[in-house]
Amino acid sequence: MSFPKKGKFFPKENGYTGNGRHEPDNWFAAEIASTLKRSLGDSRAGAKIVASWTGANEKTVKNWFAGRYGPSGEHLVALARHSDEVLGMFLAMAGREELMAAVKLAAAERAIEELLAAVRRLAVED
């Protein structure tokens, strides 16, 4: 079986422009890139951290930071597990911002419980 000879480039609908570059019209990848840059900075260290979180190749992670591609579902779950910013961005993209308020409330409750436990330990020591 041979492929039809209609050209040497993929169609533009796939995001490929034919000049070796991808069009930045992938809003998901752009949102991931801006969130990663905002939370970790646009550095090699940030890419290494994300690679360790997700198990993805460092070159793949650099493509996420550049907005060329977005992470797969498995990698997105790993990112959300480690980054509240990514979780918040995902919930906002899904139209579920109210769930982020619940996540922040749970984190605040944990912090208050830890603070209360520390105050009680101080009271017992006196």
Side-chain angles (χ1 to χ4, degrees):
M1 178 178 167
S2 64
F3 292 102
K5 305 214 182 223
K6 293 189 176 185
K8 59 183 181 177
F9 299 114
F10 290 107
K12 286 189 178 185
E13 329 42 279
N14 292 339
Y16 190 74
T17 62
N19 62 1
R21 303 184 65 101
H22 288 268
E23 293 179 349
D25 62 348
N26 186 348
W27 62 274
F28 174 71
E31 286 294 323
I32 292 289
S34 68
T35 302
L36 290 174
K37 288 175 188 175
R38 189 172 49 252
S39 63
L40 296 166
D42 194 12
S43 67
R44 188 165 184 252
K48 285 186 171 286
I49 290 168
V50 171
S52 71
W53 287 349
T54 61
N57 183 297
E58 193 174 332
K59 179 64 177 168
T60 300
V61 172
K62 287 179 182 178
N63 281 326
W64 297 345
F65 271 85
R68 289 184 193 95
Y69 307 102
S72 66
E74 179 181 334
H75 290 140
L76 182 60
V77 169
L79 284 171
R81 183 179 303 125
H82 290 92
S83 170
D84 287 343
E85 290 86 3
V86 172
L87 176 61
M89 178 271 314
F90 176 75
L91 291 173
M93 288 172 60
R96 306 295 302 265
E97 296 91 351
E98 70 278 1
L99 293 177
M100 196 59 201
V103 169
K104 289 180 179 179
L105 181 59
E109 287 176 349
R110 281 193 303 274
I112 291 169
E113 287 172 0
E114 290 173 9
L115 181 61
L116 184 56
V119 168
R120 287 182 178 151
R121 281 192 304 270
L122 286 174
V124 169
E125 291 175 3
D126 288 339

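Everything numeric in this text was worked out from a predicted model, so none of it was measured. Along the sequence shown, the residues carry numbers beginning at 1.
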**Student:** Is a side-chain donor or acceptor of Ser83 paired with a backbone partner of Ala80 at a separation under 3.5 angstrom?
**Tutor:** no
**Student:** Run the side-chain contact (heavy atoms from CB on, under 4.5 Å) test against Arg121 and tell me which residues pass, sequence neighbours left out.
**Tutor:** Ala117, Ala118
**Student:** With rounding to the nearest 0.5 Å, note down the distance linking CG in Asn57 to CG in Asn63.
**Tutor:** 9.5 Å
**Student:** Measure across Gly67 and Ala29 and return the closest heavy-atom pair with its distance rounded to 0.1 Å.
**Tutor:** O-CB, 3.5 Å
**Student:** Okay, side chain of Thr60, backbone of Ala56: is any donor-acceptor separation there less than 3.5 Å?
**Tutor:** no
**Student:** So which pairs with a foot in residues 78-117 pass ring pair (Phe, Tyr, Trp, His ring centres under 6.0 Å), sequence neighbours left out?
**Tutor:** Trp53-His82
**Student:** Looking at OG of Ser34 and CZ of Phe65, how far apart are the two atoms once the value is rounded to the nearest 0.5 Å?
**Tutor:** 11.0 Å
**Student:** In terms of hydrophobic clustering (I, L, V, M, F, W, Y; side-chain heavy atoms under 4.5 Å; direct or indirect links), are Trp27 and Val86 co-clustered?
**Tutor:** yes
**Student:** Honestly curious: do Leu87 and Val77 fall in one hydrophobic cluster under the side-chain, below-4.5 Å linking rule?
**Tutor:** no
**Student:** Taking C-beta and beyond as the side chain, do Ile112 and Glu109 meet within less than 4.5 Å on heavy atoms?
**Tutor:** no
**Student:** Does any part of the side chain of Arg96, heavy atoms only, come nearer than 4.5 Å to the side chain of Glu98, both counted from C-beta?
**Tutor:** yes
**Student:** Would you mind reporting whether Leu76 and Trp64 have side-chain heavy atoms less than 4.5 Å apart?
**Tutor:** no
**Student:** Are any non-hydrogen side-chain atoms of Pro71 and Leu79 less than 4.5 angstrom apart?
**Tutor:** yes
**Student:** Got a sec, which pairs hit salt bridge (Lys or Arg N to Asp or Glu O under 4.0 Å) with one end in residues 32-49, sequence neighbours left out?
**Tutor:** Arg44-Glu58, Lys48-Glu58
**Student:** I need the minimum non-hydrogen distance between Ala92 and Glu97, along with the two atoms involved.
**Tutor:** O-OE2, 3.6 Å
**Student:** Supply the atom-to-atom distance Thr54 OG1 to His75 NE2, rounded to the nearest 0.5 angstrom.
**Tutor:** 5.0 Å
**Student:** Which pair of heavy atoms, one from Ile32 and one from Met89, lies closest together, and at what distance?
**Tutor:** CD1-CE, 3.1 Å
